[in-house]
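Both backbone and side-chain heavy atoms feed into the values below; hydrogens, waters and symmetry mates do not. Just so it is clear: chains get the letters A, B, ... in the order the sequence lines come, proteins before strands, and each one is counted from 1. Model, not experiment: these values are computed from the prediction.
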Protein chains: 2
Amino acid sequence: MNDELLTIRQMCEKFGVTPRTLRFYEQKELLAPLRKGQTRLYTRRDRARLKLVLQGKRFSFTLEEIRRLLDLYHVGDQQYTQYKATYELALKHLAELEAQRAELDRAIADLKEQLAWGARKLAELERLQNAGAAE
Amino acid sequence: MNDELLTIRQMCEKFGVTPRTLRFYEQKELLAPLRKGQTRLYTRRDRARLKLVLQGKRFSFTLEEIRRLLDLYHVGDQQYTQYKATYELALKHLAELEAQRAELDRAIADLKEQLAWGARKLAELERLQNAGAAE
DNA sequence: AAGAAAGTTGACGTTTGCGTCAAGTTCGAC
DNA sequence: GTCGAACTTGACGCAAACGTCAACTTTCTT
């Protein structure tokens with residue numbers, strides 16, 4: 001029941017992506033749907049992989065990195081070293097994400113400060129504005 | 001003393017950017033240095049504007065947005081409405097930055113969870129590895 | 001059987017912020 | 001006067017992740 005084949009449209013709805021995206025991912029070797037004639041048919045495996053791809057994107061992995069990770073996941077042999085590599089890549093990414101967050105925090109703090117300043121100036125201008133209108 | 005004119009190189013060193021960047025900004029109408037013959041000469045005003053540009057970039061404003069903001073700052077007339085527009089654009093941006101941060105936080109949390117799972121699996125694989133080597 | 005709906009490939013376009021030549025001018029130094 | 005350093009414009013390149021045609025073929029519906 002869980003291994004029905006989905007057409008490209010069905011995939012798109014299920015995952016909220018466009019056909020172009022799926023074909024693009026296929027070209028990048030992230031997916032490898034079956035073919036019935038011309039038509040692509042997506043298997044349970046493709047769905048699992050696409051799910052991982054979309055997750056990876058949330059973590060700001062590039063598609064190329066995701067491809068390498070997916071390749072690692074399913075080779076089966078020498079699991080240890082390869083899994084470890086995957087794990088460490090993810091760790092590195094985590095560090096980057098946290099650095100990004102820190103920088104973002106700084107930017108937000110600075111911008112807020114500027115805005116406080118701006119709000120005061122704005123109030124001042126508003127007074128002048130009203131004074132002018134009152135004459 | 002503060003109104004000396006800087007050459008492009010001096011500007012680059014002062015702000016840590018490349019000549020290409022300064023010319024690019026000029027093309028985008030973010031800067032408007034004087035000319036002495038062919039050579040660009042950057043005024044105090046240019047330095048102030050560049051400083052704002054670089055700040056704006058930290059806040060993830062695009063160069064185009066920054067240009068609009070800079071234009072607003074220096075028109076002089078009808079300060080109130082224009083300053084208000086600037087202020088509100090900045091507020092909007094702040095909201096976006098905070099949304100970004102929230103999403104980033106979620107991504108970090110999720111990735112950490114995955115990593116915890118991964119660490120367990122890794123430990124398991126390591127046991128198998130050692131067991132295999134021990135025979 | 002005929003038309004519509006869905007699928008296909010291929011190729012070029014978009015966005016942002018510069019990098020990287022290439023080829024030419026100008027300037028001060030010696 | 002001539003060399004080299006610094007400056008100039010112009011144009012193309014790049015990276016990522018698709019969007020957007022165009023021109024077909026296939027498949028479903030009636």
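- For A:Thr7, no side-chain nitrogen or oxygen approaches OP1 or OP2 of C:dA6 to under 4.0 Å.
- Atom CD of A:Gln27 is separated from atom P of D:dA16 by 14 Å (rounded to the nearest Å).
- Note on A:Arg9: only backbone sugar-phosphate atoms sit closer than 4.0 angstrom, heavy atoms only; bases stay farther off.
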Exercise for the section: Go through the steps for A:Arg58 and B:Arg106 under the test side chain to side chain contact (heavy atoms under 4.5 Å, CB included), then give the verdict. Expected result: CA-CA 9 Å; A:Arg58 290 198 47 232; B:Arg106 259 171 303 186; 3.7 Å; yes
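- In the set C:dG17, D:dT25, D:dT8, the nucleotide with an atom closest to the side chain of B:Phe24 is C:dG17.
- A sub-4.0 Å separation between OP1 or OP2 of D:dC18 and a side-chain N or O of A:Tyr25 is present.
- Atoms CG (A:Leu5) and P (C:dA6) sit 19 Å apart, rounded to a whole Å.
- Atom CZ in B:Arg58 sits about 16 Å away from atom P in C:dG17, given to the nearest Å.
- Of the candidates C:dT9, C:dG17, D:dA17, the closest approach to any side-chain atom of A:Leu63 belongs to D:dA17.
- At a threshold of 4.5 Å between non-hydrogen side-chain atoms, the residues A:Glu98 and B:Leu104 do not count as touching.
- Side-chain contact between A:Leu22 and A:Tyr42 is present, with at least one heavy-atom pair separated by less than 4.5 Å.
- A salt bridge does not link A:Glu124 to A:Arg120: none of the charged side-chain nitrogens sits closer than 4.0 Å to a carboxylate oxygen.
- Each of B:Arg20 and A:Thr39 was matched to the nucleotide of DNA chain D holding its nearest heavy atom; the match closer to the 5' end belongs to B:Arg20.
- B:Phe61 places its CZ atom 13 Å from the P atom of C:dG17, with the value rounded to the nearest Å.
- Computed from coordinates, the B:Tyr42 OH to D:dC7 C1' distance equals 11 Å when rounded to whole Å.
- Among the nucleotides D:dA17, C:dG7, D:dT8, the one closest to any side-chain atom of A:Arg23 is C:dG7.
- Using a 4.0 Å heavy-atom cutoff across all strands shown, B:Lys36 reaches no nucleic acid atom at all.
- OP1 and OP2 of D:dA15 both lie 4.0 Å or more from every side-chain N or O belonging to A:Thr62.
- Distance, A:Met11 CE to C:dT8 C1': 17 Å, rounded to whole Å.
- Atom CG of A:Leu22 and atom P of C:dA6 are 16 Å apart (whole Å).
- Here the closest heavy-atom approach between residue A:Ser60 and residue A:Glu65 is recorded as O-OE1, 4.4 Å.
- Put simply, CZ on B:Arg40 is 13 Å from C1' on D:dA6, counting in whole angstrom units.
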